[in-house]
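A note on names: the letters A, B, ... follow the listed sequences, proteins ahead of strands, and every chain is numbered from 1.
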Protein chains: 2
Amino acid sequence: MTEALPEAPNVNRATCPSRIVLEHVTSRWGILVLAALLERSYRFSELRREIGGVSEKMLAQTLQTLERDGFLNRDAKPVIPPRVDYSLTPMGREAAEQVWGLAHWVERRLPAVEEARDAYDEARAS
Amino acid sequence: MTEALPEAPNVNRATCPSRIVLEHVTSRWGILVLAALLERSYRFSELRREIGGVSEKMLAQTLQTLERDGFLNRDAKPVIPPRVDYSLTPMGREAAEQVWGLAHWVERRLPAVEEARDAYDEARAS
DNA sequence: CTGAATCCCAAACGATACTG
DNA sequence: CAGTATCGTTTGGGATTCAG
């Protein structure tokens with residue numbers, strides 16, 4: 001990546017529609033949904049437990065947005081009690097891989113980040 | 001990436017500190033700052049113009065957060081008028097490359113996303 | 001169980017004015 | 001120029017309730 005940079009993405013202009021999609025994918029819960037579904041498909045409440053800390057409302061909203069953007073398949077089986085499975089579309093899998101790479105990178109670098117923070121904070125504890 | 005998945009990142013647990021860093025990096029303006037600085041270093045107002053649509057307040061806040069996390073160098077030259085240059089640290093460059101990959105992927109896929117949306121919307125315009 | 005709908009609050013954000 | 005401070009608005013998001 002250090003070599004190329006063919007052309008920079010246009011996300012750095014206020015009116016760019018890519019920003020919207022980027023925000024869907026990188027939203028607080030969007031990232032976590034995509035990362036979870038990379039492993040396997042999940043049912044609604046399963047996903048809710050797996051992610052942890054997400055309200056029903058936000059999970060539903062996130063899932064709808066990602067489904068509309070073409071990242072998720074929503075498979076509602078007409079049974080009682082209702083059962084709905086969510087899985088990644090091929091495009092969603094690509095997105096999830098990008099996001100997962102980022103998340104994993106962050107995790108690996110977490111110690112360095114905490115070190116940097118300590119240095120930063122101490123330098124101003126004058 | 002389809003093969004491995006050595007171990008999933010712990011970001012999918014509410015109390016995980018990685019989430020904080022992930023949200024700094026993927027925040028609305030964080031992404032754009034990192035992407036911009038991947039090309040070259042920028043001064044404050046330069047960056048503001050380049051990104052477009054960001055307020056002074058939010059840009060300053062974003063820059064401070066990313067600096068504290070160890071992603072940015074802030075180089076304030078003691079001249080009048082003031083001049084402050086922002087650039088990526090080595091770690092920041094890694095983060096920016098991840099983020100840039102994501103942004104670029106979104107841009108390439110934008111047509112497919114818009115197609116998916118149209119299909120989704122029409123399927124419910126019953 | 002899977003959601004939709006409502007209410008409500010806290011946090012994020014933008015605009016503006018001001019300072020070194 | 002590069003920020004900080006303040007204010008008012010908007011939005012994200014949780015809790016709760018209801019429906020299929």
Taking only Lys NZ, Arg NE, NH1 and NH2, and the carboxylate oxygens of Asp or Glu, determine whether A:Arg40 and A:Glu46 approach each other closer than 4.0 Å. yes
Tightest non-hydrogen contact, residues B:Ala112 and A:Met91, listed as CB-SD, 3.7 Å
Report the residues that fulfil salt bridge (Lys or Arg N to Asp or Glu O under 4.0 Å) with B:Arg109, sequence neighbours left out, ordered by chain and then residue number. A:Glu94
To the nearest 0.5 Å, what is the distance between CE (A:Met58) and CD1 (A:Ile51)? 11.0 Å
Touch class at under 4.0 angstrom, heavy-atom based, for A:Gln64 against every strand present: sugar-phosphate
Any pair counted as side chain to side chain donor-acceptor pair (under 3.5 Å), so long as it reaches residues 54-67 of chain B, sequence neighbours left out: none
Going from CZ on B:Arg68 to CG on A:Asp121, what distance comes out if it is rounded to the nearest 0.5 angstrom? 4.5 Å
Shortest non-hydrogen pair, A:Ala103 vs B:Leu22, comes out as CA-CD1, 3.9 Å
Contacts satisfying salt bridge (Lys or Arg N to Asp or Glu O under 4.0 Å) that involve residues 80-90 of chain A (not counting sequence neighbours) are A:Lys77-A:Asp85, A:Arg83-A:Asp85
Distance, nearest 0.5 Å, that separates CG of B:Leu32 from CG of B:Leu37: 11.0 Å
Between which nucleotides of DNA chain D, 5' to 3', does chain A make heavy-atom contacts below 4.0 Å? D:dG13 to D:dG20
side-chain contact (heavy atoms from CB on, under 4.5 Å) for B:Leu47 and B:Leu63? Distances and angles first, verdict last. CA-CA 10 Å; B:Leu47 199 49; B:Leu63 290 171; 3.9 Å; yes
Residues touching DNA chain C, which here means a heavy atom under 4.0 Å, drawn from residues 69-86 of chain A: A:Arg74, A:Pro81, A:Pro82, A:Val84, A:Tyr86
Check the distance between C:dA4's C1' and A:Phe44's CZ and give it to me in whole angstrom. 11 Å
Expected string for nucleotides 5-18 of chain C under the B/S/- scheme (protein heavy atoms, under 4.0 Å, primed atoms plus P, OP1, OP2 as sugar-phosphate) is -BB-----BBB-B-
